[in-house]
Each structure stands twice: as C-alpha cells, then as structure tokens.
4 protein chains.
Amino acid sequence: MEFDSNKPIYLQIADSICNRILHGELKGEDRIPSVREFGARIGVNPNTVARTYDTLTDQGVIYNKRGIGFFVTEDAAANIRREAKELFLKEELPAFAKKAQLLGVSKEDIIKQL
Amino acid sequence: MEFDSNKPIYLQIADSICNRILHGELKGEDRIPSVREFGARIGVNPNTVARTYDTLTDQGVIYNKRGIGFFVTEDAAANIRREAKELFLKEELPAFAKKAQLLGVSKEDIIKQL
Amino acid sequence: MEFDSNKPIYLQIADSICNRILHGELKGEDRIPSVREFGARIGVNPNTVARTYDTLTDQGVIYNKRGIGFFVTEDAAANIRREAKELFLKEELPAFAKKAQLLGVSKEDIIKQL
Amino acid sequence: MEFDSNKPIYLQIADSICNRILHGELKGEDRIPSVREFGARIGVNPNTVARTYDTLTDQGVIYNKRGIGFFVTEDAAANIRREAKELFLKEELPAFAKKAQLLGVSKEDIIKQL
DNA sequence: GTGGTCTAGACCACC
DNA sequence: GTGGTCTAGACCACA
C-alpha cells in the first residue's frame, strides 16, 4: 500500500476499505483482519489501524464483536454514501462555490448543468 | 523540483510557471530559461520542457522570439485565468454535477451555497 | 505518402486527413487508424502521428475514445474551415499586405480585384 | 544546388541568380559564368542554363556581350522588382482574392490591413 | 489492444 | 546560441 503525504494514513486506509466495500469485494458480515495483522501486512503501526477501525465504527461501516474481531455492517455501503454526502456538503460544495466565484463563473452557468 | 505522479511533468512545469506569473515573480516581456537550461536545472529532458513551452504558447502565456528564447506575454495572467475558467466549465463542473447527483444532493442545496 | 521538405511531416499528415474530411471520404464518427498502424503504413514514427492527432484534437477535428482510438468529430469540416480562416487572417493576409507594400502595389489595385 | 520538383529547373536557377543580385552578391556589370561552366558546376545540362540566361535577358536582368559572356545589367535589381510586381498582380493577387472569398473573409477585413 | 508521457539523441533553420 | 522536428524505444493507465 502506498500513501499520499497530504492525508492522514489512517484515513487513507479507511478510504481503501470503503472502496473495497463499494466495489463489492467486502460484503456485510465479512470479517476484516485484526489491527495487528492488518498493520503488519501494510507496514503501519497497529495503533494507526486501530484509529481507522475506530473511525469506521463511528461511521457505521464496521462493528466490533468483542474478543472476535471487526466485521462489515449490513448497511456499510449505505453509510459510506451518507458519510460521503456529508463531506460533499461540508467541504466540496463550499470549495466549489468559492472557486466558481473566484473564476467569475455565474450561478446560471452552474445551475444549467446540474 | 519535485513531481507528483498523478499529473504529467510537462503540465506541472507549466503550472509552476503560471504560478510565478500570477504571483508577480514573472512579468510581461520577462525571458524564461531556454529549454535546455531549464531542463538541465530541474532534471528533465529538454523535450519535456519544450512541450511545456509549446502548451503555454498555445495558451497565450508565453511567446517565442526566433533564435532568442521564450518570453512572457503582456496579458499572460489574464490568459491563465481564462484558461482556468474554461477548464472549470468543461471538466470540474460536470464532474461536480455528476457526483452531486450520485450522492443524491438536491439542486436546491447547491444553489443555496453559491 | 510523400513529404515536402518545407513543412513539418506531422502537419502534412494533418492536412491530408483534413482534405479527406473536406472531400467527404471521412465523415463524423468515422474511426481513423491507430497511431501505430498509421505510422507503419506511411513510414513515419508513431510519435509523429501522435503529434498530428494531438494537433487535430486541439482543433476539434477529431476526438479520442480512451483505449479505443480516434474518431472524426461531427463538426470537423466546420472546424477545419474556421481554423483555415484564422490562419489566413493571422499569417497570409499580413504577409500579403507586406509584400504588396514592398513591391509598391497600391491599395486601389488590390481592392479592384477583391 | 537542390531543386524542388514543382518548378522548372531553369526558373529555379533564375531565382537564385536574382536573389544574389537583390542581396548585393552580384552587382551591375559583374560577369556571370558561361552556360557550360555554370551547368557543369551545378550539374545541369548547359541548354537548361542557356534557357535561364535567355529568360533573364528578356527581363533585363542580364545582357550578352557577343563572344565574351553574360553580365549583370546596371538596373538589374530594379527590373527584378518590376518583374516580381507583374507576377504579383497577375498570379498572387487573384489567387489571394479567390482564397479570401472561399474562406468568407470580407473586403473590409482585408482593406483594414493594407 | 489503445493513446499518453518521457527520455535520449539526432539534424535542421534561424540569429 | 535558440527552438522545431523526428526517430527509437521505453513505461504507464485504461479498456
């Protein structure tokens, strides 16, 4: 696994897991590797993987069976999309609006293409 | 000079030159280095730099004096902004619109933020 | 295919393609040969053909379907004529005017023949 | 000496002589080589050179001293320019006018640049 | 298979 | 010296 320098590694790991879910490589109730195993495999500290799993758990993408491991939730894909939508509304849309204004693109031009 | 892997080198060089123009480090009629000198300095093949200069010439950012070298045009900054706007309208806006639809973001939510 | 020495090969190839379009031998959405096939057929380097295709793409005469090949645009003929007119106004007209002045041909003599 | 295929060799030789006169390499009363010598030097049949000299004599660019050779006339440069002007009016101007009309360039656009 | 990019090195015309 | 063009061959992403 390779990492960009401009985004925390734990989020990049989360992205790759989400992508595998969206692509159907991981389905509901599939088990994902332990933090130690996953960390060793991709060469990062287990704590980093733990933070990834923590984040994904908060987003309802995976859940923990105590003493067993982490599993993909049944509605993981839906939750990922919901999360992406939030991000889109909070981050991308304002950035997009700012850039449009900076370049002098009118509202009308944008609305036309929606 | 460092290069990302996700964008052609010749365009990254073009970007860096455009940025120096937008920041006022390069002004109209300033000479920019020869393809050979620039290539040697940043460690890329002269042909790659030539491609950069060719692209910027097409965009009206620089022009060539035969046998002398390349020079920044008087209206370079304006042409850079015009080019950026075109790119935005042709590439980013459609991608944005597509993503918005995919995530189920309504037109109204977008229009509100413009 | 034969080449004059006074014009770059890649532009001569472009001209021949444009002519075939203007003569109706190539129509909108027709596929043109791959850079490798065309290069082999006419005996030039594929890179040279690629430059031709790049130029024609900039002029809106052909477009690329990724992984498939290049195709003639619907409005190729119109774009070719527009391009020819631009060239005429920017290059040939000034050269003509300069030569007329150099030879002492009066405006009136020219206007008479227009 | 090299020759294009699209123009008679004897005229190409004439052009080269005229150019040398216009550039001052040959002046009034300078002797030019005999048809045999010139033909041998540039690798063409003496008859071809003779035709060149015949043509240039008609145009008042050179003249013959019987038994001596050919010499540049005093007003050679002026005669070359007069000849060029005639050619311009008879050939280039009509071709130019035709092309302008073909491309839909208006008279006004042309007159502006004269 | 397709084109896109990059390198290395060559030759040319122009200044 | 300058850029412009062309070749040969390489590697890549995408389909």
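All values reported here derive from a predicted model rather than from experimental measurement. So that the names make sense, note that chain A is the first sequence line, chain B the second, and so on, each numbered from 1.
- Counting heavy atoms from C-beta outward, D/Val49 and D/Pro33 have side chains that stay 4.5 Å or more apart.
- Residue pairs meeting the salt bridge (charged side-chain N to carboxylate O under 4.0 Å, His left out) criterion with at least one member in residues 33-42 of chain B, sequence neighbours excluded, are B/Glu37-B/Arg41.
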Between the protein and nucleotides 10-12 of chain E, are there any N/O to N/O pairs under 3.5 Å, and if so, what are the atom names and distances?
none

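- D/Arg81 is linked by a side chain to side chain donor-acceptor pair (under 3.5 Å) to nothing, counting only residues two or more places apart in sequence or in another chain.
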Could you tabulate the donor-acceptor pairs under 3.5 Å formed by side-chain atoms of residues 83-98 of chain C, not counting sequence neighbours?
{"from": "C/Lys85", "atom 1": "NZ", "to": "D/Gly104", "atom 2": "O", "distance (Å)": "3.2"}
{"from": "C/Glu92", "atom 1": "OE1", "to": "D/Lys99", "atom 2": "NZ", "distance (Å)": "3.2"}
{"from": "C/Glu92", "atom 1": "OE2", "to": "D/Lys99", "atom 2": "NZ", "distance (Å)": "2.8"}

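- Taking CD1 of B/Ile17 as the reference point, atom CD1 of B/Ile32 lies at 4.5 Å (rounded to 0.5 Å).
- Sequence neighbours left out, not one pair with a member in residues 61-70 of chain C passes salt bridge (charged side-chain N to carboxylate O under 4.0 Å, His left out).
- Projected onto DNA chain E by closest heavy-atom contact, B/Leu11 and C/Arg31 fall at different nucleotides, the more 5' of which corresponds to C/Arg31.
- Counting heavy atoms from C-beta on, the side chains of B/Val72 and B/Val61 never come closer than 4.5 Å.
- The salt bridge (charged side-chain N to carboxylate O under 4.0 Å, His left out) analysis of residues 14-35 of chain C, with sequence neighbours excluded, yields the pairs C/Lys7-C/Asp15, C/Arg20-C/Glu25.
- Taking 4.5 Å as the limit, every side-chain heavy atom of C/Pro8 sits out of range of all side-chain heavy atoms of C/Thr48.
- Under the salt bridge (Lys or Arg N to Asp or Glu O under 4.0 Å) criterion, D/Asp109 pairs with D/Lys112, not counting sequence neighbours.
- To the nearest angstrom, P of E/dC15 lies 14 Å from CZ of B/Phe71.
- Looking at B/Thr57 and B/Asn64, their side chains never come closer than 4.5 Å, going by heavy atoms from C-beta outward.
- Looking at B/Lys107 and B/Ile110, their side chains never come closer than 4.5 Å, going by heavy atoms from C-beta outward.
- Judged by distance alone, the side chain of C/Thr55 and the main-chain N or O of C/Arg51 form a donor-acceptor pair under 3.5 Å.
- Listed in residue order, the members of residues 38-46 of chain C having a heavy atom less than 4.0 Å from DNA chain E come to none.
- The side chain of C/Tyr10 contributes no N or O atom lying less than 4.0 Å from OP1 or OP2 of F/dC6.
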Completion exercise
Parsed dot-bracket for DNA chain E after applying the Watson-Crick and G-U rules with both distances under 3.5 Å and | for other-strand partners is ||||||||||||||.
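- Spacing between atom OH of C/Tyr63 and atom P of E/dG3 amounts to 14 Å, rounded to whole angstrom units.
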Output a table of nitrogen or oxygen pairs between the protein and nucleotides 13-15 of chain F separated by less than 3.5 Å.
{"from": "F/dC14", "atom 1": "O3'", "to": "C/Arg66", "atom 2": "NH2", "distance (Å)": "2.9"}
{"from": "F/dA15", "atom 1": "OP1", "to": "C/Arg66", "atom 2": "NH2", "distance (Å)": "3.0"}

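- Shown here is D/Arg82, whose CZ atom has more than 12 heavy atoms of other residues, nucleotides or ligands within 6.0 Å.
- The stretch residues 48-61 of chain B comes close to DNA chain E through B/Thr48, B/Arg51, each having a heavy atom under 4.0 Å from the strand.
- For the pair B/Ile9 CD1 and E/dG4 P, the interatomic distance rounds to 17 Å; values are reported in whole Å.
- For the pair C/Asn64 CG and E/dG1 P, the interatomic distance rounds to 17 Å; values are reported in whole Å.
- Among pairs with a residue in residues 12-61 of chain C, those fulfilling ring pair (Phe, Tyr, Trp, His ring centres under 6.0 Å) read C/Tyr53-C/Phe70, at least two apart in sequence or across chains.
- Using a 4.5 Å heavy-atom cutoff, the side chains of A/Ser16 and A/Ile42 are not in contact.
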